[in-house]
Amino acid sequence: MSWEIAKSAIDYILSHENDFRQKSVIWDFIGGEPFLEIELIDKICDYIKTEMFRLNHHWFNSYRFSFSTNGINYDTPKVQNFISKNREHLSVGITIDGTPRKHDLNRIWKGRGPEKGSYEDVVRNIPLWLSQFPGVGTKVTISSADLPYIRESVLHLYSLGIKEVNINVVFEDVWHEGDDVLFEQQLVELADEIIDNGYYKEYACSFFAEFIGKPMNPETDNQNWCGAGRMLAVDATGNFYPCTRFAGYSLRDKKPIIIGNVHDGIDKNLLRPFLALDRTTQSPQKCIDCEVASGCAWCQGENYDSADTDTIYQRSTAICKMHKARVRANNYYWNKLYRKLEQEKSSEQC
């Protein structure tokens with residue numbers, strides 16, 4: 001992205017307060033790897049801050065700069081200077097997928113020999129990151145090839161000092177016969193480790209949540225899962241999207257859905273279909289009636305990408321069996337934890 005495009009995007013957003021009424025804002029830098037462009041980002045963030053101050057904008061002092069990074073450049077002087085300068089309004093997440101074996105399945109260097117993994121280049125920066133952002137979590141994504149390494153990877157991340165592991169399966173249709181069985185087995189083994197060794201007292205894993213695996217009322221539980229259409233994505237050429245997942249580089253076969261640009265602004269007619277999205281308008285009946293529907297997520301971009309036509313109203317159900325496996329393991333986790341806590345309570349009373 002050029003400085004001119006970035007400046008135009010900021011100017012448009014800050015000059016249209018009536019279109020962006022939220023009390024606070026997150027300016028999210030997503031790539032690729034954002035820290036490869038730290039000099040440009042530093043210039044962008046300085047401009048955002050000074051313009052919000054100059055305009056007496058309602059977001060001044062109510063904003064955050066957010067980054068998802070692979071962590072390789074985290075300790076470089078330019079990145080560290082940026083962090084020091086913006087520390088009070090900054091969120092930085094480093095993506096580390098687990099053990100070296102799990103991480104290096106997907107995150108490999110280009111042009112450095114046969115599949116040279118990046119684990120060692122990332123893990124060296126984890127202590128610095130945790131010291132600057134205590135209590136921060138990491139984001140892990142699971143596909144079919146990763147399934148055998150879930151238990152060991154979550155425990156490994158705990159051992160690095162990462163206390164919150166946000167983890168989910170990919171929404172794409174990559175799943176094979178028996179993957180749900182292996183998935184459930186891994187989660188049950190992980191549940192045993194977390195409960196038997198007391199990790200639950202200080203550590204969290206998003207695979208285990210009290211709210212999932214329940215039926216949902218189509219009248220009262222009818223929100224869209226994600227914020228597509230209620231956030232704004234800007235690409236390097238200045239085009240606007242309802243989410244970065246609708247840009248051409250994020251799609252397999254479908255055409256991008258562009259809702260405007262930095263010169264002409266947002267076309268609200270193109271945005272309107274996204275604002276009407278909810279659970280029932282895009283879900284098949286089996287999802288609406290599902291007895292374990294709560295916590296079953298979807299990606300709006302993947303719904304569009306995998307739909308039979310160019311619609312955003314056809315929910316992909318590729319993760320159905322994986323969600324049900326997660327629910328079964330989740331029930332096991334909470335039942336076991338409840339029994340353990342009840343036993344401890346009884347022992348204390350005795």
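Because the structure is predicted, anything quoted here is derived from the model rather than measured. For this chain, numbers begin at 1 and follow the sequence in order.
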Quiz prompt | ring pair (Phe, Tyr, Trp, His ring centres under 6.0 Å) partners for Y158, two or more places apart | solution = Y199, Y203

Practice problem: Could you list who else is in F211's hydrophobic cluster, with ILVMFWY side chains joined at under 4.5 Å, directly or through other members? | Solution: I212, V292, V327

Self-check item: salt bridge (charged side-chain N to carboxylate O under 4.0 Å, His left out) contacts in which one or both residues fall within residues 20-33, not counting sequence neighbours
Solution: none

Exercise. Sort and list the pairs that fulfil side chain to side chain donor-acceptor pair (under 3.5 Å) and have at least one residue in residues 314-330, not counting sequence neighbours.
Key: E184-R328, S283-R315, D308-Q314, N330-W334

Practice problem: With sequence neighbours left out, write down each residue that passes side chain to side chain donor-acceptor pair (under 3.5 Å) with E37, or none if nothing qualifies. | Solution: none

Quiz item: Quick check: does any side chain N or O of R87 sit under 3.5 Å from a backbone N or O of S84, one acting as donor and the other as acceptor?
Solution: no

Self-check item: Results of ring pair (Phe, Tyr, Trp, His ring centres under 6.0 Å) for F274 - residues two or more places apart only
Solution: F246

Exercise. Any pair with a residue in residues 200-223 that passes salt bridge (charged side-chain N to carboxylate O under 4.0 Å, His left out), sequence neighbours left out, goes on the list, sorted by first then second residue, please.
Key: K163-E202

Exercise. Begin from the C-alpha positions of D121 and K116 and carry the test side-chain contact (heavy atoms from CB on, under 4.5 Å) through to its verdict.
Key: CA-CA 11 Å; D121 303 286; K116 182 186 184 306; 3.8 Å; yes

Quiz item: What residue pairs, at least two apart or across chains, pass salt bridge (charged side-chain N to carboxylate O under 4.0 Å, His left out) with a residue in residues 44-65?
Solution: D46-K49, D46-K85, E51-R54

Quiz item: In terms of ring plane angle, is the pair F20 and Y12 parallel, tilted or perpendicular, where the classes change at 30° and 60°?
Solution: perpendicular

Quiz item: By salt bridge (charged side-chain N to carboxylate O under 4.0 Å, His left out), which residues pair with K336, not counting sequence neighbours?
Solution: D192, D196

Quiz prompt | Within residues 233-246 or reaching into it, pairs that qualify as salt bridge (charged side-chain N to carboxylate O under 4.0 Å, His left out) - sequence neighbours excluded | solution = E172-R245, R245-E302, R245-D305

Quiz item: With no hydrogens and no angle check, do the side chains of S8 and H263 hold a donor and an acceptor under 3.5 Å apart?
Solution: no

Self-check item: Partner residues of Y313 under the ring pair (Phe, Tyr, Trp, His ring centres under 6.0 Å) criterion, sequence neighbours left out
Solution: none

Exercise. Could you tell me which residues satisfy ring pair (Phe, Tyr, Trp, His ring centres under 6.0 Å) with F171, sequence neighbours excluded, listed by chain and number?
Key: none

Self-check item: Sub-4.5 Å side-chain heavy-atom contact between R339 and I195
Solution: no

Practice problem: Determine the interplanar angle of the Y74 and F35 rings, folded into 0 to 90°, and report it as parallel if under 30°, tilted if 30 to 60°, perpendicular if over 60°. | Solution: tilted

Self-check item: salt bridge (Lys or Arg N to Asp or Glu O under 4.0 Å) between E39 and K43, worked out
Solution: CA-CA 6 Å; E39 292 182 7; K43 186 176 182 179; over 6 Å; no

